[in-house]
Amino acid sequence: MQSNVALTVTLPVSEVKITFDYLQNIFHQSRSDFPCEYWKPSIEGFNAPIKDSLAAPSEHKLQTPLIELHELGATVHYDILGLTYWMLTRVEEIGRTDLDNHQRFPATSCHAFKHGYLERPIVDEWLHILGQIIQRVWPGIELKQHQFTMKVSHDVDAPAHYAFQNLKGLVRTMGGDVLVRKDVVAALKAPWIWLNSKQTIHPKDPANTFDWLMRQSEESGLTSAFYFICGRTDVSKDAKYDPEMPQIRKLMYDIHQRGHEIGLHPSYNTYNRPGEIVKEANRLRKICREEGIKQSDWGGRMHFLRWNQTITQKALALAGMSYDSTLGYADRPGFRCGTCFEYPAFDVATDKPLSLRVRPLVAMDCTIIAERYLGLGSTEAAYEKFNELKENCRKVGGGFTLLWHNSFFNSPKDFFIYRRLVSER
């Protein structure tokens with residue numbers, strides 16, 4: 001339904017104003033089953049930052065013209081601010097039951113996927129249009145100019161292929177090397193690598209890509225963030241390591257010494273257990289204190305991207321986390337929150353902001369490459385998809401957030417794709 005209430009934006013020293021006269025109640029509801037219109041900005045003299053066709057989720061047909069400029073200012077017949085609220089607070093997914101096997105709200109259930117705009121940061125695009133309206137109504141106002149940034153992070157699910165296995169697990173992994181990965185040489189090296197990984201992860205371990213990842217970031221002027229699992233709430237889903245182990249302490253210390261970031265990767269079942277998140281965050285900070293690691297900010301990402309909008313973000317704020325970078329979809333890349341800018345988390349239940357900041361996740365390695373998701377493989381098509389999302393972030397002056405696991409380098413092509421993505425700034 002359309003609300004009969006209008007929203008007006010004014011300035012104290014000005015008689016003109018901007019009025020939004022088409023507020024929509026749908027932007028306060030947890031639904032995805034309503035239409036989507038498309039608007040062409042150039043028809044009304046506005047510049048689109050990405051494409052001249054902008055998605056406009058709406059229960060009703062768009063009015064023509066959509067934006068009217070007049071002597072009193074401007075009247076906007078679309079609820080830009082309502083859309084922004086709906087996307088950023090993820091009202092759409094609160095209380096939903098159409099979840100996947102990990103109890104996640106999947107991309108395939110969301111409005112953006114169903115209407116073809118998931119790979120567009122539509123909140124940023126609409127705010128770009130609003131910026132043009134503001135400058136036409138108040139020509140003297142200078143709007144903040146944003147510069148493109150890139151954030152790379154690495155969930156440390158498996159810091160080593162062999163190091164943290166017991167003897168039975170080592171034999172099973174060697175069997176996988178031979179039968180699944182067809183790599184007999186790796187299987188033959190495995191016992192030697194395993195025996196020589198008691199204090200530090202052996203450099204020949206296939207999952208030990210940490211030095212390489214840091215070098216790529218250093219050569220490209222980036223800082224890598226490494227998120228460590230610090231609990232075990234599901235034996236089969238969580239890590240085989242404990243953060244107190246000497247190999248992990250040494251790894252964290254080396255990462256910090258090189259100027260990169262340590263963060264938290266809360267374990268599998270913590271997404272709806274605030275006390276466990278607090279416990280794991282405190283455990284990480286304790287280890288870092290013992291190793292002389294000091295950081296002004298502590299960030300991270302939920303394991304398996306598990307997320308409950310009414311619980312998880314409040315738990316992370318309670319745990320003293322500065323930011324979280326979970327909010328992307330596992331099954332499809334794109335803009336779950338409609339933006340590629342970091343923003344303050346907001347609790348819709350109390351109608352108050354949280355101390356946590358949301359850093360939306362745009363793309364994850366397996367989302368694009370793995371057969372179980374988009375399935376593009378380690379191909380040029382995969383690189384082009386990553387790069388298309390990166391360029392959409394660039395066009396709105398936002399941030400491209402890329403998650404690439406240290407253990408997700410299954411072929412030389414994966415190294416090549418990653419290197420191109422981070423070096424081509």
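Relative ring orientation between Tyr418 and Trp212 is described as tilted, the plane-to-plane angle lying within the 30° to 60° band. Ring orientation note: the planes of Phe408 and Trp404 are nearly perpendicular, at an angle over 60° on the 30°/60° scale. Taking the six-membered ring where tryptophan is involved, the planes of Tyr22 and His60 are perpendicular, since the angle between them exceeds 60° and thus also 30°. A perpendicular orientation is assigned to the rings of His102 and Tyr268, their planes being inclined by more than 60° (bins at 30° and 60°). Tyr85 and His28 have tilted rings, their planes meeting at an angle from 30° to 60° on a 0 to 90° scale. Using cut-offs of 30° and 60° on the angle between ring planes, the pair His111 and Trp86 is perpendicular. In this structure, Phe105 and Tyr329 have tilted ring planes: the angle between them lies in the 30° to 60° band.
Of the options Thr339, Leu127, Asp124, a side chain to side chain contact (heavy atoms under 4.5 Å, CB included) to Val396 is made by Asp124 and by none of the others. The side chain to side chain contact (heavy atoms under 4.5 Å, CB included) test with Ile293 singles out one residue from Arg249, Arg285, His256, and that residue is His256.
In this structure, Lys151 places its NZ atom where only 12 or fewer heavy-atom neighbours from other residues, nucleotides or ligands lie under 6.0 Å away. Surrounding CZ of Phe416 are at most 12 heavy atoms belonging to other residues, nucleotides or ligands under 6.0 Å away.
For the pair Leu389/Ile368, a side-chain contact is recorded, criterion being any heavy-atom separation below 4.5 Å from C-beta on.
A side-chain donor-acceptor contact under 3.5 Å links Gln295 to the backbone of Ile262.
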